[in-house]
Amino acid sequence: MPVYTVHGPVTAGGAAEATDRFVFVRDGFHVWAAVAAPLWLAFHRLWLALVGYLVLVVAVAAGLWALRLGSDVRFTVMLLIALLMGFEASSLRRWTLSRGKWRELDVVAARNSDEAERRFFDRWAEGRTASADGASIDRGSPPPVRPAARVQPPHGEIMGLFPQPGAPR
């Protein structure tokens with residue numbers, strides 16, 4: 001069952017009048033993003049991602065041409081880039097939304113977008129969404145991490161398969 005993320009504008013603050021602007025982004029492989037990536041990116045107004053995609057494709061094509069690799073290798077590399085685009089299309093869309101001052105309101109599992117909307121708004125009306133709990137997720141920044149624990153060097157010899165300095169192998 002596909003998973004959808006629900007995004008809403010930050011300025012609305014969850015106001016009822018902004019519900020028509022909510023965006024549902026399906027997670028998973030996007031065929032049209034893999035087949036026609038520039039058109040898919042332009043259709044979804046992902047301009048920065050479109051520029052990055054074009055730069056990547058041109059750089060890779062120029063690199064492959066400079067290496068004088070065969071057409072089968074060039075085709076395989078371009079096919080892999082297309083597959084990567086298909087798998088990461090929804091991530092690019094979520095990233096663009098988070099850059100544009102949208103926030104992720106909730107995650108909904110549903111068979112299609114209509115069912116996802118119905119499930120989200122049912123929960124929204126009952127106040128059970130993640131944003132209603134005040135725990136909405138901002139995907140624009142990396143997740144917080146704990147500082148790395150300082151590892152104290154062991155006293156004496158190191159146990160295991162590490163070679164001893166100066167010992168014969």
Side-chain angles (χ1 to χ4, degrees), residues 1-64 71-146:
M1 184 175 292
V3 175
Y4 293 83
T5 55
V6 184
H7 301 265
V10 171
T11 56
E17 64 267 9
T19 55
D20 59 338
R21 295 181 58 205
F22 286 177
V23 176
F24 292 76
V25 179
R26 181 180 60 85
D27 200 14
F29 188 79
H30 292 260
V31 174
W32 287 111
V35 172
L39 296 176
W40 189 89
L41 290 167
F43 178 77
H44 289 285
R45 305 178 71 185
L46 307 176
W47 306 118
L48 191 58
L50 175 63
V51 170
Y53 174 81
L54 292 176
V55 168
L56 173 75
V57 168
V58 169
V60 168
L64 293 174
S71 62
D72 54 341
V73 174
R74 286 183 285 179
F75 174 77
T76 303
V77 170
M78 291 302 167
L79 179 66
L80 291 175
I81 290 174
L83 287 174
L84 177 67
M85 186 63 208
F87 282 115
E88 293 300 323
S90 56
S91 296
L92 288 172
R93 195 161 175 213
R94 280 192 285 271
W95 175 72
T96 300
L97 287 171
S98 67
R99 286 188 63 250
K101 303 201 183 311
W102 289 63
R103 67 180 178 156
E104 187 176 314
L105 299 173
D106 203 1
V107 178
V108 180
R111 280 179 258 164
N112 54 36
S113 62
D114 291 338
E115 186 178 329
E117 285 185 32
R118 190 173 41 253
R119 284 186 175 188
F120 170 74
F121 286 115
D122 285 347
R123 290 178 12 183
W124 177 272
E126 295 173 5
R128 292 187 300 138
T129 62
S131 63
D133 299 338
S136 65
I137 303 162
D138 180 16
R139 299 281 183 196
S141 60
V145 295
R146 291 184 303 177

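In what follows, residues are counted from 1 in the order of the sequence shown.
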Between Val57 and Ile81, is any pair of side-chain heavy atoms under 4.5 Å apart?
yes
Separation of Glu117 CD from Asp122 CG (nearest 0.5 Å):
11.5 Å
Examine Tyr53 together with Trp40 and report whether their ring centres are nearer than 6.0 Å.
no
Considering non-hydrogen atoms only, spot the tightest contact between Val60 and Val77 and give its length.
CG1-CG1, 3.6 Å
Could you tell me which non-hydrogen atom of Arg94 sits nearest to which non-hydrogen atom of Val25, and how far apart they are?
NH1-CG1, 3.8 Å
Neighbour count >12 (heavy atoms, 6.0 Å) for atom CZ, Phe75:
no
Just checking Trp47: does its CH2 atom have more than 12 heavy atoms from other residues, nucleotides or ligands closer to it than 6.0 angstrom?
yes
Centroid separation under 6.0 Å, is that true for the rings of Phe120 and Tyr4?
no
Inter-residue atom distance Leu46.CG - Arg99.CZ, 0.5 Å rounding:
10.5 Å
Nearest-0.5 Å distance that lies between atom CZ in Phe87 and atom CG in Leu92
14.0 Å
As a quick check of understanding, evaluate side-chain contact (heavy atoms from CB on, under 4.5 Å) for Val107 and Val3, giving each step before the final call.
CA-CA 7 Å; Val107 178; Val3 175; 3.3 Å; yes
Is Trp124 close to Asp106 at the side-chain level, that is, under 4.5 Å between some pair of heavy atoms?
no
Distance col, row Arg74:CZ vs Leu64:CG, nearest 0.5 angstrom, shows 7.5 Å
Which pair of non-hydrogen atoms, one from Met85 and one from Ala33, has the smallest distance, and what is that distance?
CG-O, 3.3 Å
Taking the side chain as every heavy atom from C-beta outward, state whether Phe22 and Phe121 have any atom pair closer than 4.5 Å.
yes
Between the side chain of Arg26 and the main-chain N/O of Ser90, is any donor-acceptor distance below 3.5 Å?
no
Considering all heavy atoms of both residues, which atom of Leu50 and which atom of Pro38 are nearest to each other, and what is their separation?
CD1-CA, 3.6 Å
Rounded to the nearest 0.5 Å, how far apart are CZ of Arg21 and CH2 of Trp102?
5.0 Å
I need the minimum non-hydrogen distance between His7 and Leu105, along with the two atoms involved.
C-CD1, 4.2 Å
Looking at Ala116 and Ala110, what are the two nearest heavy atoms and their distance?
N-CB, 3.3 Å
Report the distance from atom CZ of Arg93 to atom CG of Asp27, rounding to the nearest 0.5 Å.
12.0 Å
